[in-house]
Novice: 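Got a structure for you, questions after.
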Protein chains: 2
Amino acid sequence: MDERVREHAEVLVDWSARAGAGDDVVVDVAEGAHDLAVAVAEVLGERGASVTTLYGSEEVARAYLKGHETAVDEAGDDNGGPTERFGDPTVDLALVEAADVYLRLGGGRNTTATADVDRAVRRAYASTRTEVREARMDTDWVSTVHPTRSLAQQAGMAYEEYRDFVYHAVLRDWESLADEMAEMKAILDAGEEVRIVTERDDAPDTDVTMSIAGRTAVNSAASVAYDSHNLPSGEVFTAPYATEGEVFFDVPMTIEATRVRDVHLVFEDGEVVDFTAESGEEALASILDTDAGARRLGELGIGMNRGIDRFTDSILFDEKMGDTVHLAIGRAYDACLPDGESGNQSAVHVDLISDMSQNSFISVDGEVVQRNGTFRWEDGFEG
Amino acid sequence: MDERVREHAEVLVDWSARAGAGDDVVVDVAEGAHDLAVAVAEVLGERGASVTTLYGSEEVARAYLKGHETAVDEAGDDNGGPTERFGDPTVDLALVEAADVYLRLGGGRNTTATADVDRAVRRAYASTRTEVREARMDTDWVSTVHPTRSLAQQAGMAYEEYRDFVYHAVLRDWESLADEMAEMKAILDAGEEVRIVTERDDAPDTDVTMSIAGRTAVNSAASVAYDSHNLPSGEVFTAPYATEGEVFFDVPMTIEATRVRDVHLVFEDGEVVDFTAESGEEALASILDTDAGARRLGELGIGMNRGIDRFTDSILFDEKMGDTVHLAIGRAYDACLPDGESGNQSAVHVDLISDMSQNSFISVDGEVVQRNGTFRWEDGFEG
């Protein structure tokens, strides 16, 4: 086995999840992540943790939802839409509530494995599982991916090349990156309003403002000790509200197995009041209709990981890339909110990304903190 | 996909598990059982059940136990054996207790995947999981296998040939077989003592008696409705006690990743007092030392499935084959016991099989019910 698989497992268990003796750890294994699961189980055995492994297969999930569709078709439906008859996720809830740590090892064999599942069915299923998602977020959860051929293909890369890309992003000096990101966190914590501006020749300009007053930014250094739950990470994010203006997202991505490109959102009073997309507009519409919170922002993130040097059509990597910002519609993370206060609630959390490397700036309370991808404290910054 | 995979899933869900709308179903998927998991999820979606999928990977299990060994080695151990420091299986217990149905889809990629794990470590781990096993047996659990190349190899068969073998055994008229087996159940329910005799030229004779008074035989027709939890099945079994005599098991098998052949057990006062094995004697000794119950019988089973026509070194199939009997050391099944009474308790349940087709008979209370593999009610029976 590639020794980097073992190193990945050690970073995941020791730096990211801080899992140790006596911890009850759930490991959720995608179809192609077997080798990483083996390495993670070995490390957890060495640390004295208990391990439960779930099979996080997209093909199994698709089959279950298609079976549901078949039953609904056979039963007939006078209302013009699928009847919802999913049971309560009793077992999933019990297991997540009993877990201290939840490690999601992504990496399937086909990123569009669920492409032919009816969106309404998918949404109905997701809406039955809100409690499970919330309970999972109460654990020390971490999401990572094992490099698979499917993800390499999604990225438009050779398999060997993609593995190098992933391990370059994952096997970093996280402590050092955390120090770099602390400066941006300090600015956002002290700030009240963020403005993001990009001028484009061939697409709508971005000019959007949002309030961050009273919110706490997360220094997302790929460890639960930093309230950071992705490996790799390398972003600073907070939970904005009262969003006003227009945003154009020029980084293409795959959302719920659908290619989405050139999304344009118009916000008034914190809500999306108009939207278009060059591709995937129907999928976007379906997401925005999930619930009331799906039309409000849950996250503003600023990518600061310069070890990620290209877009690979994977949110786990793309949103962390230096020279980018991302906004997520849907659920906000509790870590950004004052104790006991709840932010935007939704069954969805969908990130959209903009390249900030040209004709762009981010300002906080009127002061520019990044222009054309260069931060205020970096060489070459032009205020 | 081979349409027999879908048929297998339907038999498993509808006949065996009787799973339906509102049931909370755990599906435990071995490494090579993906296709069956997909088919089972589809059927469960059609029926309106909830589904949680576990990854039942032997390689992940091995890695965890090897990690434990490494940690113990590094910590040092003055007692000459591995220190036990497995945590409580909190998550596994919570999920099993929340489940109505537990479907184990066997079929790995290497039947000896855990061969190099220290037996004492394996036993220590198993002993921490008694509660999980007991809770699983309180569900409507069913074990089956998806035909894999690894199992074909274990059976000494080509892959296509093995698939035919498995589906021939699984896709049967179970209702009809249940009727045939009812006669043997009636005899055992009414009986008080069973005697099994085989005379051999080249190996020790078998001559063993055991009490079955007060015990209830299970008509194991591959359905929870019959207290039967294997698919395929096709045996009648009960929980004997007060075993006396000697038994020679001439059917070779793989137990805990070790080849075991020609086991000879000597019973006095219900306990194994002497044992030998031509191969795997060390593994057998380790099993017998698990706990006090591991030296007593938990099961007497009479194979009655004539659709299984050869030994394939898989207990799921071998023990159901017509012309065989098997005895299990270790845990007894509650279904065989009077309400509220507990039978033999143990962390293990290991079946051993004898061919009864020649120079053999089974008698109940002195009356021969099978001679040389032919039952009393079959043509050609010689009382």
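Letters A, B, ... are given to chains in the order of the sequence lines, protein chains preceding strands, and every chain is numbered from 1. Values reported hereafter were calculated over all heavy atoms of this structure, with side chains retained and with hydrogens, waters and symmetry mates removed.
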Novice: Looking at A:Y102, does the NZ or CZ of A:R136 lie under 6.0 angstrom from its six-membered ring centre and within 45 degrees of the ring axis?
Specialist: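 Yes.
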Novice: Closer than 4.0 angstrom, basic N to acidic O: yes or no for B:R163 and B:E160?
Specialist: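 Yes, B:R163 and B:E160 are salt-bridged.
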Novice: Is chain A contacted by the side chain of B:R129, its backbone, both, or neither, given a heavy-atom distance below 4.5 Å?
Specialist: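 Neither the backbone nor the side chain of B:R129 comes within 4.5 Å of chain A.
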Novice: Relative to chain B, which of A:T70, A:L54, A:D92 shows the most heavy atom pairs under 4.5 Å?
Specialist: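 Result: the option with the highest number of such pairs is A:L54.
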Novice: Would you kindly say whether B:R122 and B:S286 are connected by a side-chain donor-acceptor distance under 3.5 Å?
Specialist: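 B:R122 vs B:S286: no donor-acceptor pair found between side chains.
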Novice: Measure across B:T128 and B:Y125 and return the closest heavy-atom pair with its distance rounded to 0.1 Å.
Specialist: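 Smallest heavy-atom distance, with atoms named: OG1-O, 2.6 Å.
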Novice: Can you find a pair of side-chain heavy atoms, one from A:H146 and one from A:D35, that are under 4.5 Å apart?
Specialist: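 A:H146 vs A:D35: side chains touch.
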Novice: Which bit of B:T52 is near chain A, if near means a heavy-atom gap under 4.5 Å: side chain, backbone, both or neither?
Specialist: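 Both backbone and side chain of B:T52 come within 4.5 Å of chain A.
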Novice: Between A:R18 and A:S223, do the side chains contain an N or O donor and an N or O acceptor separated by less than 3.5 Å?
Specialist: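 Distance-only check passes for A:R18 and A:S223.
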Novice: Taking all atoms of both residues into account, what is the closest heavy-atom pair of A:G22 and A:D100, and its distance?
Specialist: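 Scanning both residues, the minimum pair turns out to be O-OD2, 4.1 Å.
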Novice: If you tally heavy-atom pairs under 4.5 Å against chain A, which of B:V26, B:L44, B:V51, B:V96 wins?
Specialist: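 The candidate making the most pairs under 4.5 Å is B:V51.
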Novice: Would you mind telling me which of B:G48, B:A94, B:G67, B:A99 has the largest number of heavy-atom pairs within less than 4.5 Å of chain A?
Specialist: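 Highest number of heavy-atom pairs under 4.5 Å: B:G67.
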Novice: Taking the inter-plane angle between the rings of A:H34 and B:Y55 on a 0 to 90° scale, is it parallel (under 30°), tilted (30 to 60°) or perpendicular (over 60°)?
Specialist: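 The arrangement is perpendicular - the two ring planes meet at more than 60°.
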Novice: Identify which part of A:R62 has an atom lying under 4.5 Å from any heavy atom of chain B, answering side chain, backbone, both or neither.
Specialist: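 Answer is neither: A:R62 stays 4.5 Å or more from chain B.
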Novice: Please identify, among A:E31, A:E69, A:K66, the residue contributing the most non-hydrogen atom pairs under 4.5 Å to chain B.
Specialist: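 Highest number of pairs under 4.5 Å: A:E31.
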Novice: So does A:D14 pair up with A:R47, basic N to acidic O under 4.0 Å?
Specialist: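 Result for this pair is yes, salt bridge flagged.
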Novice: For chain A, find which of B:A49, B:G45, B:A39 contributes the most heavy-atom pairs closer than 4.5 angstrom.
Specialist: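 Greatest number of close heavy-atom pairs with chain A: B:G45.
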Novice: Of the listed residues (A:A37, A:A41, A:A98), which shares the most heavy-atom pairs with chain B below a 4.5 Å separation?
Specialist: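 Result: the option with the highest number of such pairs is A:A41.
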Novice: Non-hydrogen atoms of chain B under 4.5 Å away: do they reach the side chain of A:A61, the backbone, both or neither?
Specialist: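 For A:A61, there is no contact with chain B at all, as no heavy atom is under 4.5 Å.
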Novice: Evaluate the ring planes of B:Y333 and B:H349, with Trp represented by its six-membered ring, and classify them as parallel (under 30°), tilted (30 to 60°) or perpendicular (over 60°).
Specialist: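 The rings of B:Y333 and B:H349 sit tilted, inter-plane angle from 30° to 60°.
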Novice: Count the heavy-atom pairs under 4.5 Å between each of A:V91, A:L95, A:V60 and chain B, then report the option with the highest count.
Specialist: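 Winner by heavy-atom pair count: A:V91.
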Novice: When heavy-atom pairs shorter than 4.5 Å are enumerated against chain B, which of A:D88, A:V43, A:V27, A:L65 gives the highest number?
Specialist: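 Heavy-atom pairs under 4.5 Å are most numerous for A:D88.
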Novice: I'd like to know which of A:V38, A:V25, A:L93, A:D28 tops the heavy-atom pair count under 4.5 Å against chain B.
Specialist: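 Ranked by contacts with chain B, first place is A:V38.
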Novice: Heavy-atom distance under 4.5 Å to chain A: side chain of B:V29, backbone, both or neither?
Specialist: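 Interface part for B:V29: side chain.
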Novice: Specify which of B:S57, B:S50, B:A21 makes the most heavy-atom pairs with chain A at under 4.5 Å.
Specialist: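 Result: the option with the highest number of such pairs is B:S50.
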